[in-house]
Trainee: 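For reference, the structure I am asking about is given below.
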Amino acid sequence: MTERLTSLDAILAEVWRQLELTTHDKHHAWRTPVLATVDGDGADARTVILREVDARQKQLLTFTDERACKVTQLLRHPRAMLVMWSPALGWQLRCRVLLSLEMTGLAATSRWAKIKLTPPAQDYLARLPPGAPLDAPEALATGPLKREYFAVINAQVLSIDWLELHRAGHRRAVFDEHGGRWVQP
Ligand SMILES: Cc1cc2nc3c(=O)[nH]c(=O)nc-3n(C[C@H](O)[C@H](O)[C@H](O)COP(=O)(O)O)c2cc1C
């Protein structure tokens with residue numbers, strides 16, 4: 001970005017505009033954030049793809065296999081973090097989120113209907129759950145396919161910690177239910 005935004009309102013609006021861009025721009029660095037969850041008394045984290053962004057509702061959607069470890073973790077502990085960094089923007093976002101899962105409702109069935117005849121559908125049709133042991137990397141489990149395991153993870157954004165790295169000086173701001181405020185980077 002050439003122009004350096006100065007107001008907190010303008011920065012927050014641009015953050016959500018950029019988040020919305022990720023669903024159209026496959027090369028946007030924020031399209032693949034890291035989702036960090038609580039796993040018992042430890043942490044777990046993995047890359048996911050942002051599939052839909054609703055700036056008005058402050059919701060970020062991602063798809064997964066309902067048998068994945070992250071699903072077990074989010075059902076036990078729905079508070080999580082989505083972390084993303086864009087070298088082009090020089091912006092890091094740490095989004096504190098509340099996760100919820102949709103497996104059977106309209107949110108899941110309508111989206112599954114759109115992708116079920118496309119190659120990415122294979123990601124949700126594996127006979128074995130993610131993380132199941134295999135004899136060889138390419139081993140394919142045999143047996144009848146019972147059903148799809150497609151699920152939608154909805155991340156409700158509770159707050160955003162924005163960090164800008166810049167030659168002229170780094171800046172950091174927090175946006176939450178109390179509004180936006182500058183903090184020491
Ligand atoms: C670029 C990239 C994008 C990914 N996107 C997703 C995704 O949208 N949903 C997902 O469940 N896993 C995705 N994965 C795989 C996860 O990072 C992870 O390996 C897998 O989901 C198992 O994680 P879990 O055992 O913590 O549930 C992606 C991996 C990469 C490298």
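Numbering of ligands and ligand atoms starts at 1, following listing order. Heads up: numbering here begins at 1 and tracks the sequence. Source: prediction; values computed, not measured.
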Trainee: Using the side chain to side chain contact (heavy atoms under 4.5 Å, CB included) definition, which of the options Ile11, Leu165, Val183 pairs with Arg171?
Mentor: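 Going through the options one by one, the only one that passes is Ile11.
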
Trainee: Answer yes or no: are there more than 12 heavy-atom neighbours, outside Arg76 itself, under 6.0 Å from its atom CZ?
Mentor: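 Counting neighbours around CZ of Arg76, 12 or fewer heavy atoms of other residues, nucleotides or ligands fall under 6.0 Å, so no.
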
Trainee: Using a side-chain heavy atom cutoff under 4.5 Å and only I, L, V, M, F, W and Y, what cluster partners does Val38 have?
Mentor: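 Once heavy-atom contacts under 4.5 Å are chained together, Val38 still belongs with nothing else.
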
Trainee: In this structure, would Leu82 and Val34 fall into the same cluster of hydrophobic residues linked by side-chain contacts under 4.5 Å?
Mentor: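 No; Val34 is not reachable from Leu82 via cluster members.
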
Trainee: Pairs of nitrogen or oxygen atoms closer than 3.5 Å, one from Ala68 and one from ligand 1: do any exist?
Mentor: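 For ligand 1, there is no N or O atom that lies under 3.5 Å from one belonging to Ala68.
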
Trainee: Can you confirm whether more than 12 heavy atoms, excluding those of Arg96, are under 6.0 Å from its CZ atom?
Mentor: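 No, the 6.0 Å shell around CZ holds no more than 12 heavy atoms from other groups.
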
Trainee: Tell me, which protein residue and heavy-atom name are nearest atom 23 (O) of ligand 1, and how many Å apart are they?
Mentor: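 Closest protein heavy atom to atom 23 (O) of ligand 1: Lys70 NZ, 3.4 Å.
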
Trainee: Considering only protein heavy atoms, which is closest to atom 8 (O) of ligand 1, and at what distance to one decimal place?
Mentor: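 Its nearest protein heavy-atom neighbour is Ile49 N, 3.0 Å.
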
Trainee: Out of all atoms in ligand 1, which are within 4.0 Å of some heavy atom of Thr64? Include the element for each.
Mentor: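 With Thr64 as reference, the close atoms of ligand 1 come out as 10 (C), 11 (O).
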
Trainee: Given Asp123, Val48, Thr47, identify the one with the heavy atom nearest to atom 28 (C) of ligand 1.
Mentor: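 When every heavy atom of Asp123, Val48, Thr47 is considered, Thr47 comes closest to atom 28 (C) of ligand 1.
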
Trainee: Would Val157 and Leu60 count as a side-chain contact (heavy atoms from CB on, under 4.5 Å) here? Give the steps.
Mentor: CA-CA 7 Å; Val157 177; Leu60 310 174; 3.9 Å; yes

Trainee: Give the contacting part of Pro130 toward ligand 1: side chain, backbone, both or neither, where contact means a heavy-atom distance below 4.0 Å.
Mentor: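 Looking at Pro130 and ligand 1, no heavy atom falls under 4.0 Å.
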
Trainee: Polar contacts were defined as any N/O atom of the residue lying under 3.5 Å from an N/O atom of the ligand; does this apply to Thr32 and ligand 1?
Mentor: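 N/O-N/O distance below 3.5 Å does not exist for this pair.
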
Trainee: Which of the numbered atoms in ligand 1 are under 4.0 angstrom from any heavy atom belonging to Thr62?
Mentor: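 What qualifies from ligand 1 is 8 (O).
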
Trainee: Is the backbone N or O of Leu35 less than 3.5 Å from a side-chain atom of Arg46, with the two atoms forming a donor-acceptor pair by type?
Mentor: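 Answer holds: yes.
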
Trainee: Ring-plane angle category for Phe63 and Tyr124, please: parallel below 30°, perpendicular beyond 60°, tilted otherwise.
Mentor: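 Phe63 vs Tyr124 ring planes: perpendicular.
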
Trainee: For atom 9 (N) of ligand 1, find the nearest protein heavy atom and state the residue, atom name and distance (0.1 Å precision).
Mentor: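 Answer, as residue, atom name and distance: Phe63 O, 2.8 Å.
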
Trainee: Do you see a protein non-hydrogen atom under 4.0 Å from atom 26 (O) of ligand 1?
Mentor: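 It does; a protein heavy atom is within 4.0 Å.
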
Trainee: Could you find the nearest protein heavy atom to atom 19 (O) of ligand 1 and give me its residue, atom name and distance?
Mentor: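 Among all protein heavy atoms, the one nearest atom 19 (O) of ligand 1 is Arg46 CB, 4.7 Å.
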
